[in-house]
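Residue numbers count from 1 along this sequence.
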Amino acid sequence: MAAAPTALSPEAAELAARHQLGELEGTFTPKRLSKPLFALYIFTIVHLLAIFVIPGLVFFWWLRQYPNFSRKQAAKRLHLFEHGMIAHPQSGEGMVAIRWDSVRLYQDITQKIINGVPGPTTHVYSAVGPGRVHATITEFYEGPGTWGPHMQEAILRAQGPAVLESILAGQRVNFGDFSLSRTGMATTRNGHLPWSDVQEIRVGAGRVHVMRTGESGPWCSVAVSDIANLHVFLTVAENLST
């Protein structure tokens with residue numbers, strides 16, 4: 001992982017010990033504004049406050065979501081451990097600890113197209129733990145191209161073998177829009193598809209496409225953001241369909 005481990009705060013260390021998260025593997029800090037954009041925002045707020053006080057104060061309040069303008073935001077961290085993670089939410093206070101062996105992770109990666117030109121890419125990972133524990137992690141933190149895949153792979157290591165074993169033992173496992181069983185895969189809309197009829201499962205344009213043997217179009221196409229623990233789903237489905 002690109003981000004090197006750093007010292008934990010006493011609160012984070014206590015939370016990690018309580019949830020038995022193991023060794024710290026990486027820490028990610030909030031992404032700061034570029035110097036030109038920071039300078040533009042400073043210029044804008046100075047002129048707004050000089051002419052329109054209330055709009056200027058509203059604009060300054062909005063700017064406090066960025067670590068450049070808020071010590072609280074700058075102090076937030078995303079810690080990834082051997083057995084789970086601790087995240088400060090982008091909005092609000094406190095920390096959330098979730099273990100890899102019990103989380104359901106949904107990812108939504110979208111690139112905006114502006115007048116036909118590729119624009120910024122947004123990364124939203126929603127982690128749901130037991131009970132009401134949840135965390136939403138975005139590109140607010142540096143390195144989404146690093147911490148996002150790392151979380152998916154950590155969940156695959158923690159849950160993949162047990163999920164495959166339970167399916168082979170006759171259980172049905174739900175991944176959101178998909179469910180997998182020993183005999184095949186199913187969706188509420190498309191019904192059941194035996195493994196012998198699965199030609200290919202591929203990911204493209206933010207969707208998972210399942211191709212049925214002998215058909216030119218997909219048997220079904222589901223948004224990646226609607227699938228829990230994507231890498232576990234893809235790996236287990238590949239093992240069962242071959």
Can you give the donor-acceptor pairs under 3.5 Å from side chains of residues 16-23 to other protein atoms, not counting sequence neighbours?
residue : atom : partner : partner atom : Å
Arg18   : NE   : Glu14   : OE2          : 3.3
Arg18   : NH2  : Glu14   : OE1          : 2.7
Arg18   : NH2  : Glu14   : OE2          : 3.4

Just so I know, are the side chains of [X] and [Y] near enough to count as touching, which here means a heavy-atom distance under 4.5 Å?
X: Tyr125; Y: Met151; answer: yes
X: Met85; Y: Ile137; answer: yes
X: Pro161; Y: Leu164; answer: no
X: Val198; Y: Glu238; answer: no
X: His79; Y: Phe28; answer: no
X: Ile167; Y: Val236; answer: yes

- Is Glu93 salt-bridged to Lys72, cutoff N-O under 4.0 Å?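 Lys72 and Glu93: salt-bridged.
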
- Residues that Arg202 engages under salt bridge (Lys or Arg N to Asp or Glu O under 4.0 Å), provided they are two or more places apart: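 By the salt bridge (Lys or Arg N to Asp or Glu O under 4.0 Å) rule, Arg202 matches Glu200.
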
- Under the salt bridge (Lys or Arg N to Asp or Glu O under 4.0 Å) rule, collect the residues that match up with Asp226, sequence neighbours excluded.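 Residues passing salt bridge (Lys or Arg N to Asp or Glu O under 4.0 Å) with Asp226: none at all.
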
- Knowing that exactly one of Arg157, Gln107, Glu153 qualifies, which makes a side-chain hydrogen bond (donor to acceptor under 3.5 Å, both in side chains) with His231?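 One option only clears the test, and that one is Glu153.
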
On a heavy-atom basis, which atom in [X] and which in [Y] lie closest, and how many Å separate them?
X: Leu156; Y: Val232; answer: CA-CG2, 3.6 Å
X: Gly94; Y: His88; answer: O-CD2, 3.5 Å
X: Glu82; Y: Trp100; answer: O-CD1, 3.3 Å
X: Pro30; Y: Lys76; answer: CD-O, 3.1 Å
X: Ala87; Y: Leu78; answer: CB-CD1, 3.9 Å
X: Met95; Y: Ala12; answer: CE-N, 3.7 Å

Could you state the interatomic distance from [atom1] ([X]) to [atom2] ([Y]), rounded to the nearest 0.5 Å?
X: Cys220; Y: Met211; atom1: SG; atom2: CE; result: 10.0 Å
X: Ile227; Y: Leu105; atom1: CD1; atom2: CG; result: 12.0 Å
X: Asp108; Y: Ser126; atom1: CG; atom2: OG; result: 8.0 Å
X: Ser181; Y: Leu168; atom1: OG; atom2: CG; result: 10.5 Å
X: Ile86; Y: Leu15; atom1: CD1; atom2: CG; result: 4.5 Å
X: Ile109; Y: Glu139; atom1: CD1; atom2: CD; result: 10.0 Å

- Message: Applying side-chain contact (heavy atoms from CB on, under 4.5 Å) to Leu230 and Val224, what does each step give before you reach the verdict?
- Response: CA-CA 7 Å; Leu230 178 66; Val224 166; 3.8 Å; yes

Taking atom types as modelled, find out whether [X] and [Y] have a side-chain donor-acceptor pair closer than 3.5 angstrom.
X: Gln90; Y: Thr138; value: yes
X: Arg77; Y: Thr27; value: no
X: Glu25; Y: His150; value: yes

- Same hydrophobic cluster for Val128 and Val96, using side-chain heavy-atom links shorter than 4.5 Å among ILVMFWY?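 No.
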
- Given the rule in the side-chain contact (heavy atoms from CB on, under 4.5 Å) test, do Trp147 and Glu142 qualify, once you have shown the distances and angles that lead to the verdict? CA-CA 9 Å; Trp147 53 253; Glu142 291 274 12; 6.0 Å; no

- Message: Is it the case that atom CD in Glu215 sees more than 12 heavy atoms from other parts of the structure closer than 6.0 Å?
- Response: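 For Glu215, atom CD is crowded (more than 12 foreign heavy atoms under 6.0 Å).
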
- Does a sphere of radius 6.0 Å around NE2 in His192 hold more than 12 heavy atoms from other residues, nucleotides or ligands, not counting ones at 6.0 Å or beyond?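 Enclosed.
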
- side-chain contact (heavy atoms from CB on, under 4.5 Å) between Val103 and Gln159: does it pass, once the steps are laid out? CA-CA 9 Å; Val103 69; Gln159 298 188 30; 4.0 Å; yes

- Does the ring-ring contact (aromatic ring centres under 6.0 Å, His included) test come out yes or no for Phe178 and Phe233, once each step is laid out? CA-CA 9 Å; Phe178 281 106; Phe233 166 78; 4.7 Å; yes

- So Met185 and Trp195, side-chain contact (heavy atoms from CB on, under 4.5 Å) or not? Walk me through it. CA-CA 7 Å; Met185 63 169 52; Trp195 291 120; 3.7 Å; yes

